[in-house]
Amino acid sequence: MTSPRYPGPTLINGESAARETGVAPATIRKWVQHGHLAAAGRSGRASLYRLEDVFAAERMARGRKAPTWRA
C-alpha cells in the first residue's frame, strides 16, 4: 500500500512509453531486449515501466546525459 503523500512511481505500458519518447513500440521492446529498460510491474500480460526509467533508457539510446539541475 502506498502513502497518499507519496503515491510512488508513475507506471506506464509500452505503448505509452513509446508515445512519451516519440519512438515506435518496437523500439521500447528493443530497449528491453538490450537491457536498457526493465519492467517494474505487470498489468495482465502488459509490462509496465517507470516513467523515469523510460526517459533514462531514451537518453542512453540517444547518447545523451541526464540533465543537471541547479538550485
Side-chain angles (χ1 to χ4, degrees):
M1 188 164 154
T2 59
S3 165
R5 289 184 177 210
Y6 179 72
T10 301
L11 298 179
I12 59 175
N13 63 23
E15 205 167 297
S16 295
R19 197 171 29 255
E20 286 289 333
T21 55
V23 299
T27 301
I28 299 298
R29 293 190 296 271
K30 185 70 78 178
W31 291 349
V32 171
Q33 289 173 351
H34 287 277
H36 300 306
L37 180 62
R42 297 193 71 76
S43 176
R45 293 180 62 191
S47 295
L48 299 176
Y49 307 99
R50 292 182 342 150
L51 188 57
E52 62 192 63
D53 291 344
V54 171
F55 290 135
E58 177 194 21
R59 285 190 305 271
M60 186 180 302
R62 297 179 193 255
R64 295 191 306 218
K65 293 183 178 181
T68 55
W69 304 101
R70 296 177 189 223

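For the single chain, residues carry numbers from 1 onward in sequence order.
Annotation: the span from Arg59 atom CZ to Thr21 atom OG1 amounts to 12.0 Å, rounded to 0.5 Å.
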Would you give me the side-chain donor-acceptor pairs under 3.5 Å for residues 9-19, sequence neighbours excluded?
unit_1: Asn13; atom_1: OD1; unit_2: Glu15; atom_2: N; d: 3.2
unit_1: Asn13; atom_1: OD1; unit_2: Ser16; atom_2: N; d: 2.8
unit_1: Asn13; atom_1: OD1; unit_2: Ser16; atom_2: OG; d: 3.0
unit_1: Ser16; atom_1: OG; unit_2: Arg19; atom_2: NH2; d: 3.2

Side-chain donor/acceptor pairs under 3.5 Å, residues 29-43, sequence neighbours excluded:
unit_1: Arg42; atom_1: NH1; unit_2: Ser47; atom_2: OG; d: 2.9
unit_1: Arg42; atom_1: NH2; unit_2: Arg45; atom_2: O; d: 2.5

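Sequence neighbours left out, the pairs with a member in residues 47-57 that pass salt bridge (charged side-chain N to carboxylate O under 4.0 Å, His left out) are Arg50-Glu52, Arg50-Asp53.
For the pair Arg62/Val23, a side-chain contact is recorded, criterion being any heavy-atom separation below 4.5 Å from C-beta on.
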